[in-house]
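Written below as structure tokens is the structure these notes are about.
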Amino acid sequence: MSRIASTFARLASQGRKALVPFITAGDPDAATTQELMHTLVAAGADIIELGVPFSDPMADGPTIQRASERALAKGMSLKKVLACVASFRARDQETPVVLMGYANPVEYWGLEEFARSARTAGVDGVLTVDYPPEEAGDYARALTAQEIDPIFLLAPTSTPERVALVAGMARGYVYYVSIKGVTGAGHLDVDAVARRVPEIRAAVGLPVAVGFGVRDAQSAQALASCCDAVIIGSRIIEEIEHSPPEQLHERILALIAPIRAGIDRAGG
């Protein structure tokens with residue numbers, strides 16, 4: 001059983017939902033990223049989504065776009081992202097790490113070489129935003145051959161046909177985009193999510209994690225009542241962007257702790 005599957009099984013047995021924070025690798029620098037990953041675990045993270053910075057992050061709002069720009073300006077690359085994961089693994093063998101990024105760097109490396117390198121580094125899952133399931137067969141096979149979970153996005157606009165395609169390839173969990181927009185956008189409609197998640201879960205047979213628009217304990221608790229995992233990214237990136245370096249880890253802990261508590265209040 002993969003680390004991701006084991007994590008969801010353990011949480012289900014405890015009647016709990018997963019907290020999945022997102023940070024961009026290399027923002028503000030590689031060394032801080034590695035330490036932030038441990039800080040997130042200490043704050044209650046169950047799975048970490050690690051963003052691979054890209055020059056044209058089309059699904060991301062301004063906050064995560066700026067994070068990618070800062071990381072790229074510091075020389076962050078896909079190879080260095082994997083080095084961050086490998087460094088994290090030297091101290092943490094339990095917490096699943098999912099890379100989230102775009103197809104261009106993966107295509108540049110080659111699917112098989114990327115998948116082998118990701119497994120060596122200790123990556124558990126990969127979500128590549130611009131690999132639509134209709135064109136992702138080779139990509140999904142390359143990852144699963146290395147025992148890495150290919151994770152796909154579904155959205156309010158996803159058709160039954162696309163859901164069925166994802167069901168045939170996805171492993172680990174599926175990421176449900178809660179709103180029609182980019183990361184960090186508002187207008188979170190929990191009732192609409194609650195109506196859609198059960199049918200997606202039934203169709204794909206995997207846990208459903210919900211992201212885009214989660215900013216605080218209240219929204220996290222509301223979503224946790226109807227899904228298997230809550231993803232929060234832009235709000236964390238804002239804290240990274242605006243915190244003095246000497247206060248960063250303390251502020252991240254203070255941000256995440258009430259969100260963790262809110263998710264736990266939702267129960268199973």
Taking the side chain as everything from C-beta on, heavy atoms only, tell me whether [X] gets closer than 4.5 Å to [Y].
X	Y	answer
Ile4	Ile151	yes
Leu154	Arg196	no
Val214	Ile231	no
Val98	Arg3	no
Arg260	Arg16	yes
Asp216	Arg235	no
Pro53	Asp27	no
His38	His249	no

Stepwise side chain to side chain contact (heavy atoms under 4.5 Å, CB included) check, Asp228 with Phe8: CA-CA 8 Å; Asp228 303 292; Phe8 278 109; 4.2 Å; yes
Aromatic ring pairing Phe54/Tyr102, orientation class (parallel under 30°, perpendicular over 60°, tilted between):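 Judged by the thresholds at 30° and 60°, the geometry between Phe54 and Tyr102 is parallel.
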Arg89 and Asp124: CA distance, side-chain angles, deciding distance, salt bridge (charged side-chain N to carboxylate O under 4.0 Å, His left out) verdict: CA-CA 11 Å; Arg89 281 283 169 251; Asp124 300 286; 2.7 Å; yes
Residues Leu50, Ile23; criterion side chain to side chain contact (heavy atoms under 4.5 Å, CB included); working and verdict: CA-CA 5 Å; Leu50 191 60; Ile23 58 174; 3.8 Å; yes
Got a second to check how far [X]'s [atom1] is from [Y]'s [atom2], nearest 0.5 Å?
X	Y	atom1	atom2	result
Leu40	Ile47	CG	CD1	13.0 Å
Ser219	Ile259	OG	CD1	7.0 Å
Ile263	Leu11	CD1	CG	10.0 Å
Arg201	Leu206	CZ	CG	11.0 Å
Leu253	Leu248	CG	CG	9.5 Å
Thr24	Ile240	OG1	CD1	7.5 Å

Candidate pair Glu238 and Arg66, rule salt bridge (charged side-chain N to carboxylate O under 4.0 Å, His left out), full reasoning: CA-CA 10 Å; Glu238 288 173 2; Arg66 290 195 299 271; over 6 Å; no
Side chain to side chain contact (heavy atoms under 4.5 Å, CB included) between Tyr175 and Val20, worked out: CA-CA 11 Å; Tyr175 186 137; Val20 186; over 6 Å; no
Which pairs of donor and acceptor atoms, one on a side chain in residues 106-113, lie under 3.5 Å apart (sequence neighbours left out)?
from   : atom 1 : to     : atom 2 : distance (Å)
Glu107 : OE2    : Tyr131 : OH     : 2.4
Glu113 : OE1    : Arg116 : NH2    : 3.1
Glu113 : OE2    : Ser117 : OG     : 3.2

Provide the closest heavy-atom pair for [X] versus [Y] in the form atom of the first, atom of the second, distance.
X	Y	result
Ala203	Val163	CB-CG1, 3.6 Å
Pro132	Asp130	CD-O, 3.1 Å
Ala30	Met76	CB-CE, 3.7 Å
Ala5	Ser2	N-OG, 3.0 Å

Under a 4.5 Å side-chain heavy-atom rule over Ile, Leu, Val, Met, Phe, Trp and Tyr, are [X] and [Y] clustered together?
X	Y	value
Met100	Leu72	no
Leu143	Leu165	no
Leu82	Phe88	yes

Residues forming a side-chain hydrogen bond (donor to acceptor under 3.5 Å, both in side chains) with Ser158, sequence neighbours excluded: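 Testing Ser158 for side-chain hydrogen bond (donor to acceptor under 3.5 Å, both in side chains), a comparison that skips the adjacent residues, returns none.
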Test side-chain contact (heavy atoms from CB on, under 4.5 Å) applied to Ala222 - qualifying residues, sequence neighbours left out: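 Ala222 satisfies side-chain contact (heavy atoms from CB on, under 4.5 Å) with Val190 only.
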Verdict with reasoning, Arg70 to Glu241, per side chain to side chain contact (heavy atoms under 4.5 Å, CB included): CA-CA 10 Å; Arg70 292 191 296 269; Glu241 185 174 16; 3.3 Å; yes
More than 12 heavy atoms of other groups within 6.0 Å of Gln247 CD: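 Yes, enclosed.
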